[in-house]
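See structure below.
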Amino acid sequence: MSEQDDDLELRALKRELDDAFATTRPRRGFEDELWLRMQARRPLGSRLRDALGGLVQGIRAVPAVPTAAVAGLLVVVLGIGVLALSGVGRGGNAASTAGSAFNQGDTNHPPTLPGAFGRLPSPRLGSGSSAPPLPAAADPRQLVPGSGYVGPVNLTWAGKLTLDTPTLPVFRYHEPSTNAADQFASALGAVMQSRPGGLLGEYESSDYTLSIRGTVQAPAAEPTFVITAGPSMPEINAAGAAPSDIATLFLAEHSLVPQWPYTADVQSAGGASHVRLLRQFVAGPYGLAYLVDPQGDRYGLEVDLAGNKPTMATGPLPVTLEAASYPVISDGQAIGAALGSSAGGPGAPTVQLSQAEVVYVVVAAGDHSFYEPAFLFSGSFTVNGHAYLERILVPAVDPSQRSS
């Protein structure tokens, strides 16, 4: 076969390939997504070197840029680049879903002045609820009966608590409106059906119903959404995937993967699984601190599964968070407050508190509410052969900065 024949055959093959690729283009935005994934897998040093190289070339292309201005710009961009490449501000265990319905409003905008929110209300740890009803989750944890000890105890301290920072951030959000709830539902493809008393709205899509509730005053709880699957809700096609992966795939399909840091917790019973993405806050120099309810239980975004089929999902409605630093009590003051929280006496059981950590709790305050830091102490004890867990929650913000 001659070289001319070879050339003709290669050209014909190229045309066939071009025709094939012309009809099998990837989905819109795939190239950008693939490029971002490729860049994310590259070493940090390589990404930073390329970013700085592009910056320098861009500066060289602009005539008569003063040397001092160039140096200042490099310092600013270098700081921003390190933050961006290190992943600060992203969900600790989640893939990026920038621009998604869940994350459009769930960002931090820190004020410039410490204590910018004024005097803060203190966490209320009482029981009872004024919350309007929401669909109940099919939590397999309910298969394990639990009970709590009610009565005075004598408290002792046998743990270690070290807080090396005089301040911690407080986060504030304003109460979402019905318009905000409608926008969130619309982004998920759900249409409003009604506004029952106490709810921002109830919505419906072809696969599920959606309920949205505002802040609950007592016990305090942030604005919440609940997705309840309908009969047509499809299974997640992920053979052999773990429940946490199935839950994440479901959330990703609806642009609900959280961007805040979290750890995953999975509890299963029979064919049902309960997946919890336990929310964390960046507590300044202390590091990551869990969000807990007034009883001290960690929580966040939760998904119930029946095999590979999601049956329910519930989590915090996206809100814009502002942040301000506040002085906090010392670790010694926190321990003293915990030990003085229960008036024991003769015959009362002794509880040895052995663990303590900084956590965040919701504090409701009308048209705006807070996520405030607190110290959570815990210890186990036994009464009449039954084991119990004692938890003590101590507000962390200095009393001089609290209104109650």
Side-chain angles (χ1 to χ4, degrees), residues 33 36-37 40-41 86-103 106 134-144 146 184 187-189 205 207-211 221-222 224-230 232-282 287-293 295-318 357 359-360:
E33 179 182 339
L36 291 174
R37 290 181 179 178
R41 292 176 179 270
S86 65
V88 173
R90 303 176 187 172
N93 298 355
S96 175
T97 54
S100 68
F102 185 87
N103 298 297
D106 206 9
L134 283 174
D139 188 346
R141 294 172 299 172
Q142 296 174 355
L143 300 177
V144 181
F184 174 77
L188 295 182
S205 76
D207 298 331
Y208 58 83
T209 59
L210 169 68
S211 301
E222 64 269 84
T224 302
F225 72 87
V226 175
I227 292 176
T228 305
S232 60
M233 174 68 75
E235 292 187 352
I236 301 298
N237 186 14
S244 59
D245 297 326
I246 295 173
T248 302
L249 287 172
F250 168 75
L251 295 173
E253 287 179 356
H254 296 81
S255 299
L256 289 173
V257 178
Q259 291 297 284
W260 27 261
Y262 65 84
T263 61
D265 174 77
V266 180
Q267 298 182 4
S268 300
S273 297
H274 186 72
V275 180
R276 299 188 301 158
L277 306 184
L278 303 175
R279 185 172 188 173
Q280 296 173 307
F281 287 88
V282 180
L288 295 175
Y290 282 100
L291 173 66
V292 302
D293 62 20
Q295 286 70 48
D297 291 320
R298 298 172 179 178
Y299 70 100
L301 199 159
E302 307 182 4
V303 179
D304 292 313
L305 303 170
N308 281 23
K309 181 178 180 179
T311 59
M312 182 169 289
T314 180
L317 187 72
E357 61 178 322
V359 297
Y360 274 81

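Both backbone and side-chain heavy atoms feed into the values below; hydrogens, waters and symmetry mates do not.
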| remark: side-chain contact (heavy atoms from CB on, under 4.5 Å) filter on V282, not counting sequence neighbours, yields P261, L288
| Minimum heavy-atom distance G189-S205, with the two atoms named | O-CB, 3.6 Å
| field | Straight-line distance of H254 NE2 to D207 CG, nearest 0.5 Å | value | 6.5 Å
| Within a strict 4.5 Å, meaning less than it, do heavy atoms of the F184 and L317 side chains meet? | yes
| note | For L301 and P258 the tightest heavy-atom approach is CD1-CD, 4.2 Å
| Who pairs with F281 by ring-ring contact (aromatic ring centres under 6.0 Å, His included), at least two apart in sequence or on another chain? | F171, Y360, Y371
| message | Less than 4.5 Å apart, side chain to side chain, heavy atoms only: is that true for L291 and W260? | response | no
| request: Please report the closest heavy-atom contact between V266 and S268, naming both atoms and the distance. | output: CG1-OG, 3.9 Å
| said: Is it the case that the side chain of T311 and the backbone of K309 share a donor-acceptor pair, with hydrogens and angles ignored and the cut-off at 3.5 Å? | reply: no
| field | Residues forming a side-chain hydrogen bond (donor to acceptor under 3.5 Å, both in side chains) with D245, sequence neighbours excluded | value | none
| said: Tell me whether R298 contacts the main-chain N or O of R276 through its side chain, where contact means a donor paired with an acceptor under 3.5 Å. | reply: no
| request: Check side-chain hydrogen bond (donor to acceptor under 3.5 Å, both in side chains) between E235 and all other residues, then give those that pass, not counting sequence neighbours. | output: none
| query | For Y299, what residues pass the ring-ring contact (aromatic ring centres under 6.0 Å, His included) criterion, not counting sequence neighbours? | reply | none
| task | Would you check if P316 and R279 make a side-chain contact, meaning some heavy-atom pair closer than 4.5 Å? | result | yes
| message | I want to check something: taking the side chain as every heavy atom from C-beta on, are Q280 and Y290 in contact at a cut-off of under 4.5 Å? | response | yes
| message | Any non-hydrogen side-chain atom of Y208 less than 4.5 Å from a side-chain atom of L188? | response | yes
| What closest approach, in Å, do G307 and I246 show between heavy atoms, and which atom pair accounts for it? | O-CD1, 4.3 Å
| query | Taking all non-hydrogen atoms of both residues, which atom of N308 and which atom of A238 are closest, and how far apart? | reply | ND2-O, 3.7 Å
| Residues which pass side-chain hydrogen bond (donor to acceptor under 3.5 Å, both in side chains) with D293, listed by chain and number, not counting sequence neighbours | none
| query | Does the side chain of I236 come within less than 4.5 Å of L305's, by heavy atoms? | reply | no
